[in-house]
Every structure is written in structure tokens, then in C-alpha cells.
Amino acid sequence: MPLEFRNVDAAPSDDVRTWPYEALVIAIDRGLVADWQPVFAEVRRSPWGRVARRVERYLAYREPDGVSTLFALAIKGARERAEKAERAEVAARVRDAVNRSGLTNRDFARLVGTSAPRLSTYLSGRVTPSAALLLRIERACSNRSVGAAGISDGKIMP
């Protein structure tokens, strides 16, 4: 039997982002796997978005069962994948900045105020730099003039 929303101003065929909270509850409680697919797709697309937050809110007071676990795992997995992709993107930006600078990793690390071993963790994506350090990293490769970044002719000035 197909999923139906009663007393809700939405249809299961509508974009899940437009469903009211009550429609999500109905889909979770009465739907089948095929009915949940739009919810899972939206959670993957936006792991901290409105739909994911609404599902979490409902799961917080819903009686725990296999369905609750499935939705909780879907949100957790989507967030983990998003965070992994974000760390990889930051690492790529750091690698790009180091490459564009033309400096060795050691000199570049000194220039931005960190150690070479710590820079290595940023380059690999194991650790993400703070927002302030990421700004210094991205600025360092474009500020290759005396005074702006303490570099003259590609050499770190004392």
C-alpha cells in the first residue's frame, strides 16, 4: 500500500524538503524502505540540514527500534562522509598553497607559524588547521613580497 499523508498539506511525491514535520513522522512510522529513500537522499545531500535535524528531533523521543536505528545510522554515516570530504578538501587547499608558494614544506611551515610535522598532518588531511591558520596558509602563497609575509626572493627573512 502506498504511503499517504492525511491531514497534512503535502504529498509523498513532493520534494521531501517541503514536507512538514508531521509528514516526516508519518513516513518514518508508516512508510516502507521505498518511502524512506527520498529522506535518506536528502540526509546524504545535506547531513546537517533541515530534514536531518527534523528526523533527529523525532528520533529523540520515538521509541527505539530497528527503524530508529536505521535513520540514526543514515544520519551518522552521512555526516561522517561529509566530514571526510571536507577534510580532504582542506588538505587539497593546503597542498595547493604550499605548491604555489614554491617553498619547501619546512620553510612554508615556518612562514605560517607552525612546525613542519604539523604542516604534514594538514597536508595529509589527518588534522585540519584552524580557520585563522587556513587563512594564513592561503594568504602566504599570494603574499610573496618583503614585509607582507617576511619573504624576499623566495627566502624566509629572519
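The model shown is predicted, which means the values in this text are computed figures rather than measured ones.
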**Request:** List the steps, then state whether side chain to side chain contact (heavy atoms under 4.5 Å, CB included) holds for Thr128 with Tyr122.
**Result:** CA-CA 6 Å; Thr128 56; Tyr122 301 147; 5.9 Å; no
Taking [Y] as the starting point, is it possible to reach [X] by hopping between hydrophobic residues whose side chains are less than 4.5 Å apart?
| X | Y | result |
| --- | --- | --- |
| Tyr21 | Trp48 | no |
| Leu73 | Tyr58 | no |
| Val98 | Leu135 | no |

If you round to the nearest 0.5 Å, how far is [atom2] of [Y] from [atom1] of [X]?
| X | Y | atom1 | atom2 | answer |
| --- | --- | --- | --- | --- |
| Arg93 | Leu134 | CZ | CG | 5.0 Å |
| Arg54 | Ile28 | CZ | CD1 | 11.0 Å |
| Ile26 | Asp35 | CD1 | CG | 11.5 Å |
| Arg50 | Thr18 | CZ | OG1 | 9.0 Å |

**Message:** Show, in sequence, the C-alpha distance, side-chain angles and deciding distance for Arg30 and Glu4, and conclude whether the side chain to side chain contact (heavy atoms under 4.5 Å, CB included) test is met.
**Reply:** CA-CA 9 Å; Arg30 298 187 192 143; Glu4 291 183 22; over 6 Å; no
**Request:** Decide side chain to side chain contact (heavy atoms under 4.5 Å, CB included) for Val94 and Leu119; before the verdict, give the C-alpha distance in whole Å, the side-chain angles of both, and the deciding distance to 0.1 Å.
**Result:** CA-CA 9 Å; Val94 173; Leu119 178 63; 3.9 Å; yes
**Asked** Are any of the side-chain heavy atoms of Leu3 and Leu32 separated by less than 4.5 Å?
**Response** no
**Request:** Answer whether the closest heavy-atom distance between the side chains of Ile137 and Thr114 falls below 4.5 Å.
**Result:** no
**Prompt:** Could you give all pairs that pass the ring pair (Phe, Tyr, Trp, His ring centres under 6.0 Å) test and reach residues 62-85, with sequence neighbours left out?
**Reply:** Trp36-Phe71, Phe40-Phe71
**Lys/Arg N to Asp/Glu carboxylate O, Arg110 vs Asp107, below 4.0 Å** =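 Looking at Arg110 and Asp107, the cut-off is met.
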**Asked** Can we say Asp29 and Arg62 salt-bridge, meaning some charged N sits less than 4.0 Å from an Asp/Glu carboxylate O?
**Response** yes
**Request:** Give a yes or no answer on whether the side chain of Arg79 reaches the backbone of Pro47 with a donor-acceptor pair at less than 3.5 Å.
**Result:** yes
**Prompt:** Is it true that a side-chain atom of Arg136 and a backbone atom of Val112 form a donor plus acceptor pair closer than 3.5 Å?
**Reply:**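 Answer holds: yes.
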**Message:** Suppose the criterion is salt bridge (Lys or Arg N to Asp or Glu O under 4.0 Å): which pairs have a residue in residues 14-28, not counting sequence neighbours?
**Reply:** Asp15-Arg17, Arg17-Glu42
**Request:** Report yes or no: do Arg106 and Thr104 form a side-chain donor-acceptor pair below 3.5 Å?
**Result:** no
Shortest non-hydrogen separation from [X] to [Y] and the atoms involved:
| X | Y | result |
| --- | --- | --- |
| Ala10 | Phe5 | O-CD1, 3.4 Å |
| Pro38 | Ala34 | CD-O, 3.7 Å |
| Ala109 | Ala116 | CB-N, 3.7 Å |

**Message:** Please check if the number of heavy atoms outside Asn99 that lie under 6.0 Å from its CG is greater than 12.
**Reply:**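 More than 12 within 6.0 Å, yes.
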Name each donor-acceptor pair under 3.5 Å that joins a side chain in residues 84-92 to protein atoms two or more places apart or in another chain, with its distance.
none

